[in-house]
2 protein chains.
Amino acid sequence: MKEVESILHDKNVRPTAMRLLVYQILSENKNAISLTDIENQLKTADRTTLYRTIKTFEEQGIVHPIEDGTGITKYALCAAYCNADKHKDLHLHFHCKVCEETTCLTEYSIPQISIPEGYITEDINFTVSGVCKKCNQG
Amino acid sequence: MKEVESILHDKNVRPTAMRLLVYQILSENKNAISLTDIENQLKTADRTTLYRTIKTFEEQGIVHPIEDGTGITKYALCAAYCNADKHKDLHLHFHCKVCEETTCLTEYSIPQISIPEGYITEDINFTVSGVCKKCNQG
DNA sequence: TTAGATAATGCAATGGAAGTGCATTATCCT
DNA sequence: AGGATAATGCACTTCCATTGCATTATCTAA
């Protein structure tokens with residue numbers, strides 16, 4: 001826990017009890033999770049607090065949001081080397097339509113692309129949906 | 001208009017007056033638009049009807065949904081050769097954070113990618129957000 | 001061409017996620 | 001320890017997505 005505290009500190013986020021818990025939950029879930037998921041795993045906390053906690057985490061490069069096509073934003077921890085200025089950990093995301101789990105395919109990075117002259121890239125979201133290995137075998 | 005009618009017919013969608021109007025609106029907008037946008041441009045129609053019309057269009061490969069990071073799903077017409085089974089017109093999408101417009105970059109196709117063994121790909125969403133040319137120059 | 005089956009539409013209402021304002025409480029720094 | 005600043009919790013609000021049901025339109029087959 002001491003460790004998490006210093007991670008938050010390094011990213012300029014006050015390590016409050018609530019935030020440590022949210023971080024904990026995010027690190028324990030191997031999948032990307034929604035605000036509601038966090039809320040369900042932390043019954044004591046108010047939804048607004050969680051909402052703002054995630055917002056802060058996002059702004060400071062601690063988590064990245066994932067639009068998986070369900071309309072519900074999911075979140076997952078960023079790599080240690082991400083920061084407020086830039087999310088450097090750009091990888092594919094996969095959403096399974098059967099088990100509804102959304103996972104980071106951290107081993108699969110987003111390919112280099114070109115966009116039209118004059119456009120500025122700030123964020124990239126590359127999500128593949130279909131059936132995951134687990135559900136495909138079942 | 002006769003033309004649109006046959007397009008719908010070819011995709012197994014009954015060409016009702018309402019649907020022709022929705023198609024018309026989609027084809028007149030060069031950007032991807034939301035359900036609410038359509039609703040505003042067609043005051044006479046009930047939102048539910050538009051909702052189900054878009055749903056039908058989506059299922060039959062007439063429009064494709066775009067998750068641009070705003071949490072509001074946008075829609076744009078598919079290429080003629082898309083159908084209910086497969087959306088073959090896979091291109092990048094760009095969302096401008098300044099003017100909030102979401103556009104299809106039909107000239108920029110989604111690069112070939114590999115996903116883990118055992119996974120099945122059904123849909124792909126590749127959206128870049130930032131600042132578009134128009135806003136960058138302004 | 002018309003009857004009957006089937007599909008589309010409109011209305012009313014619900015659910016759920018996202019977001020805001022404000023008062024209270026905790027945290028950090030000196 | 002004290003005071004500025006930030007975090008939290010509560011009460012709302014807003015907006016998009018979605019459903020059930022009654023009504024109306026459309027298509028097909030006799």
Side-chain angles (χ1 to χ4, degrees), chain A residues 1-2 4-6 8-25 32-60 62-63 65-75 84 95 97 100 102, chain B residues 1-2 4-6 8-25 32-60 62-63 65-75 84 95 97 100 102:
Chain A
M1 194 53 127
K2 208 64 195 159
V4 176
E5 216 169 312
S6 70
L8 295 190
H9 196 93
D10 288 352
K11 306 234 181 175
N12 290 306
V13 171
R14 284 193 183 180
T16 65
M18 203 79 264
R19 287 169 174 176
L20 294 176
L21 283 171
V22 173
Y23 192 98
Q24 202 72 18
I25 285 175
I33 56 179
S34 69
L35 192 54
T36 304
D37 291 334
I38 298 174
E39 198 182 2
N40 291 337
Q41 292 180 45
L42 255 185
K43 303 263 193 221
T44 58
D46 184 81
R47 186 184 173 88
T48 311
T49 303
L50 299 176
Y51 169 74
R52 288 194 263 235
T53 297
I54 283 291
K55 208 84 183 170
T56 303
F57 280 11
E58 196 182 333
E59 284 163 7
Q60 303 305 320
I62 296 170
V63 300
I66 302 152
E67 301 275 322
D68 63 7
T70 62
I72 299 164
T73 308
K74 307 281 167 43
Y75 301 91
H95 173 71
K97 292 178 180 177
E100 299 195 296
T102 299
Chain B
M1 195 55 128
K2 207 65 196 159
V4 175
E5 215 169 314
S6 71
L8 295 190
H9 196 92
D10 288 352
K11 306 233 180 174
N12 291 306
V13 172
R14 284 192 184 180
T16 65
M18 203 78 265
R19 287 169 175 177
L20 293 178
L21 283 171
V22 173
Y23 191 99
Q24 202 71 19
I25 285 176
I33 56 178
S34 70
L35 192 54
T36 305
D37 290 334
I38 298 173
E39 198 181 3
N40 292 336
Q41 292 181 46
L42 254 184
K43 304 265 193 217
T44 59
D46 184 81
R47 185 184 174 86
T48 311
T49 304
L50 299 176
Y51 170 74
R52 288 193 264 233
T53 298
I54 283 291
K55 209 85 182 168
T56 303
F57 280 10
E58 195 181 334
E59 285 163 6
Q60 303 306 320
I62 295 170
V63 300
I66 302 152
E67 302 275 324
D68 63 8
T70 61
I72 300 163
T73 308
K74 307 281 166 42
Y75 302 90
H95 173 71
K97 292 178 180 177
E100 299 195 295
T102 300

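Note that the coordinates shown come from a computational prediction; the quantities given were computed from them, not determined experimentally. Proteins come first, then strands; the chains are lettered A, B, ... in the order of their sequence lines, and each starts at number 1.
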Checklist entry - Of B:Thr73 and B:Pro15, whose nearest nucleotide on DNA chain D comes first from the 5' end? => result B:Thr73
Next on the checklist: What's the closest nucleotide to the side chain of B:Arg47 if the choices are C:dA18, D:dA17, C:dG10?
Outcome noted: D:dA17
Checklist entry - Which part of the nucleic acid, if any, lies within contact of B:Thr36, taking any heavy atom under 4.0 Å across all strands shown: a base, the sugar-phosphate backbone alone, or nothing? => result sugar-phosphate
Checklist entry - So does B:Tyr51 get a side-chain nitrogen or oxygen closer than 4.0 Å to the phosphate oxygens (OP1/OP2) of D:dA17? => result no
Item to check | B:Leu35 side-chain proximity, nearest of D:dA17, C:dA18, C:dG10 | outcome: D:dA17
Item to check | Side-chain (A:Arg19) to main-chain (A:Val13) donor-acceptor, under 3.5 angstrom | outcome: no
Checklist entry - B:Phe57 CZ to C:dA7 C1': how many Å, rounded? => result 15 Å
Next on the checklist: From CG of B:Asp46 over to C1' of D:dT19, roughly how many Å is that when rounded to an integer?
Outcome noted: 13 Å
Checklist outcome for this item: Taken to the nearest whole Å, CG/A:Asp37 to P/C:dA17 is 9 Å
Checklist outcome for this item: To the nearest 0.5 Å, atom OH of A:Tyr75 lies from atom OG1 of A:Thr102 at 12.5 Å
Checklist entry - Quick one: is C:dT9 close enough that its OP1 or OP2 comes under 4.0 Å of any side-chain N or O from B:Thr16? => result yes
Checklist outcome for this item: To the nearest angstrom, the CD1-P distance between A:Ile38 and D:dT8 comes to 13 Å
Checklist outcome for this item: Closest of D:dG9, C:dA17, C:dA7 to the B:Arg14 side chain is C:dA7
Checklist entry - Could you state the NZ-C1' distance from A:Lys74 to C:dA17, rounded to the nearest angstrom? => result 12 Å
Next on the checklist: Taking any heavy-atom pair under 4.0 Å as a contact, classify A:Thr48: base, sugar-phosphate, or nothing.
Outcome noted: base
Next on the checklist: It should be established whether A:Arg52 places a side-chain nitrogen or oxygen under 4.0 Å from OP1 or OP2 of nucleotide D:dT8.
Outcome noted: no
Checklist entry - How many angstroms lie between atom CD of A:Gln60 and atom NZ of A:Lys11, to the nearest 0.5 angstrom? => result 9.5 Å
Checklist entry - CG of B:Leu8 versus C1' of C:dA7: gap in Å, rounded? => result 15 Å
Item to check | The single option from A:Asn40, A:Asp37, A:Ile33 passing side-chain contact (heavy atoms from CB on, under 4.5 Å) against A:Ile25 | outcome: A:Ile33
Checklist outcome for this item: B:Lys55 atom NZ is separated from C:dA7 atom C1', nearest whole Å, by 18 Å
Checklist entry - For A:Glu67 and D:dC16, what is the distance between atoms CD and C1' respectively, to the nearest whole Å? => result 14 Å
Next on the checklist: Please classify the nucleic acid contact of B:Thr49 as base, sugar-phosphate, or nothing, using heavy-atom distances under 4.0 Å.
Outcome noted: base
Checklist outcome for this item: Nearest-nucleotide check on DNA chain C, B:Thr70 vs B:Arg19; residue mapping nearer the 5' end is B:Arg19
Checklist entry - Sub-3.5 Å donor-acceptor pair from the side chain of A:Thr49 to the main-chain atoms of A:Ala45, do we have one? => result no
Checklist outcome for this item: Quick note, A:Thr53 side chain, CB onward, closest among C:dG10, D:dT26, D:dT8 is D:dT8
